[in-house]
Engineer: 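For reference, the structure I am asking about is given below.
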Amino acid sequence: MNRTPDIASLFPSGFVWGAATAAYQIEGAANEDGRGESIWDRFCATPGKVRAGDTGEVACDFFHRYREDIALMRELGIDAFRFSISWPRVLPEGRDRVNDRGLDFYDRLVDALLEAGIAPFATLYHWDLPQALEDKGGWPERATAEAFAAYAELVGDRLGDRVGSWTTLNEPWVASWLGYGLGIHAPGREGVRPALAAGHHLLLAHGLAVEALRRSSPRSRIGITIDLYPMHPASGSAADREAARAADGSRNRWFLDPVFRGAYPEDTAERFAAELPVIADDDMTRIAAPIDFLGVNHYSRTVIRAGEKGEPVEVCVPGADHQDMGWEVYPAGLREILVRVRDDYGPAAVYVTENGATYADVRGHDGGIPDIERQRFLEGYIRAVGEAIGDGVPVRGYFAWSLLDNFEWALGYQRRFGLVYVDYPTLERIPKQSFGWYRDLIARSHRVAAAA
Ligand code: FCB
């Protein structure tokens, strides 16, 4: 007999079920209604940067099809939809000149969501910096953080009466290190110094945007989304444990400590000392502006051994289950990271703002997509969230990544993460088996909550 409780019973009434997306990955309409160029348009147009020369020019065409997609959201039964606002659609040069037609799009989107009974959960920065700001130095420049604050104020003024939850940034580690450190993402720059300067100014931008949104959107709740990875030592040796701690410092604590404690972690700051940017007197206080929730993006854990000089080296766990990004499927890691943020940082509330998996989806003879691996992935990770709630972590919501298959950055359209399959040549949407599974879970959870 199966004694495992139904996962729907692990979630309290009011728990928010959602799905997440990002502007550049779904909107398309790159040259419509006065949108300016973003660093991702430029990066995609640079030969060799994105797999198969894919671009976000059309993507899922969400810009034109959002009503159809909201109908799918209703069918799914989600309580909230996480999307991001394209900065260059609203401010084509990044600052000063406002593009009203860009703001109008988000106005229509927010109204349509509310009409459908779905709460808008908006992110201000999901990596599509206006190219005009990159031309002036991009995130390694302090001025970019100031421009971001003005953008936040503008968007808050326009949408703050209807958007109940804002996140300032999505994954500042990825934006700074993949974009400015390793050159894998737009704008494709490389170096420790630009990566650290970008990271600091992203954090400062977050702090300034919190202040701006408190003014312009006083009734909304404000948070930040950070991608967190448990760093597990490959062995019990002191060297491996130290290497894992170093990896935890640069990846997790580097962003959590400033936001919650107003200081960079000392051990990591010592290692980076020679390459740190200028940190002005009140920067750290502003970065630590009180927030209402922490958004956690989580996909996998990382196992670390010490390299020759003691540096952290990622290890692939033999025999472990992996999704097609090469990321280990390890649901216990999500419970672990949620308990840890509660213990170490005590956020008022936590949302899992992204979690999901990519597999090579194939349409069956009946036209459906039997993505049983994704369904199992979600089941394992959602159970881990329920267990963390049982441990007393104030997790208030979960957003599956992603509603739709979409443009997966440097990997283009090859990686599908959606609950809904997108047939790119026709843009037809086909809900996968996991969509039906998630829909049923949400419905059961709503029923359990209503009966309680
Ligand atoms: C996260 C990103 C999201 C998507 C998923 C797979 O790092 O925030 O846009 O690419 O990974």
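One-based numbering along the sequence shown. Atoms within each ligand, like the ligands themselves, are counted from 1 in listed order.
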Engineer: Please list the nearest protein heavy atom to atom 10 (O) of ligand 1 with its residue and the distance rounded to 0.1 Å.
Structural biologist: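 Result for atom 10 (O) of ligand 1: E408 OE1, 2.7 Å.
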
Engineer: Without hydrogens or angle criteria, can the side chains of E27 and Y66 be said to hold a donor-acceptor pair below 3.5 Å?
Structural biologist: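 Looking only at side-chain atoms, Y66 and E27 do not form any donor-acceptor pair under 3.5 Å.
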
Engineer: Give a yes-or-no answer on whether the side chains of T167 and T123 include a donor-acceptor pair shorter than 3.5 Å.
Structural biologist: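 T167 vs T123: donor-acceptor pair found between side chains.
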
Engineer: Measure from atom 11 (O) of ligand 1 to every heavy atom in Y24, Y299, W127, F407 and give the option owning the shortest one.
Structural biologist: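 It is Y299 whose heavy atom sits nearest to atom 11 (O) of ligand 1.
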
Engineer: Would you say E171 has any N or O atom under 3.5 Å from an N or O of ligand 1, going by distance alone?
Structural biologist: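 Yes.
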
Engineer: Which one of T225, N170, V174, L411 has a non-hydrogen atom at the shortest distance from atom 8 (O) of ligand 1?
Structural biologist: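 Result: the heavy atom closest to atom 8 (O) of ligand 1 is in N170.
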
Engineer: Going by distance alone, is a donor N or O of one side chain under 3.5 Å from an acceptor N or O of the other, for D371 and Q375?
Structural biologist: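 On atom types as modelled, these side chains do not qualify, holding no pair under 3.5 Å.
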
Engineer: List every atom of ligand 1 that sits less than 4.0 Å from any heavy atom of H126, numbering the atoms from 1 in the order shown and giving each element.
Structural biologist: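 Matching atoms, with element in brackets: 2 (C), 3 (C), 8 (O), 9 (O).
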
Engineer: Short list, please: which atoms of ligand 1 are under 4.0 Å from a heavy atom of W409?
Structural biologist: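 Those atoms are 3 (C), 4 (C), 9 (O), 10 (O).
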
Engineer: With a heavy-atom distance limit of 4.0 Å, tell me whether E354 approaches ligand 1 through its side chain, its backbone, both, or neither.
Structural biologist: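 Side chain only; the backbone of E354 stays clear of ligand 1.
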
Engineer: Hydrogens and angles aside, do W139 and Y125 bring a side-chain donor and acceptor to less than 3.5 Å of each other?
Structural biologist: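 Distance-only check passes for W139 and Y125.
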
Engineer: Less than 3.5 Å apart, any donor N or O on the side chain of H200 or Y264 sitting next to an acceptor on the other?
Structural biologist: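 Yes, side-chain donor-acceptor contact under 3.5 Å.
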
Engineer: Using a distance-only test with no angle check, is there a side-chain donor-acceptor pair under 3.5 angstrom linking D257 and Y345?
Structural biologist: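 There is such a pair between these side chains.
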
Engineer: Cation-pi between R82 and F399: NZ/CZ under 6.0 Å from ring centre and within 45° of the ring axis?
Structural biologist: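 That pair does not qualify as a cation-pi contact.
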
Engineer: Any atoms of ligand 1 less than 4.0 Å from a non-hydrogen atom of F417? List them with their elements.
Structural biologist: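 Result: 6 (C).
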
Engineer: Say whether R415 and ligand 1 are in contact under the criterion: heavy-atom distance to a ligand atom below 4.0 Å.
Structural biologist: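 Contact absent.
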
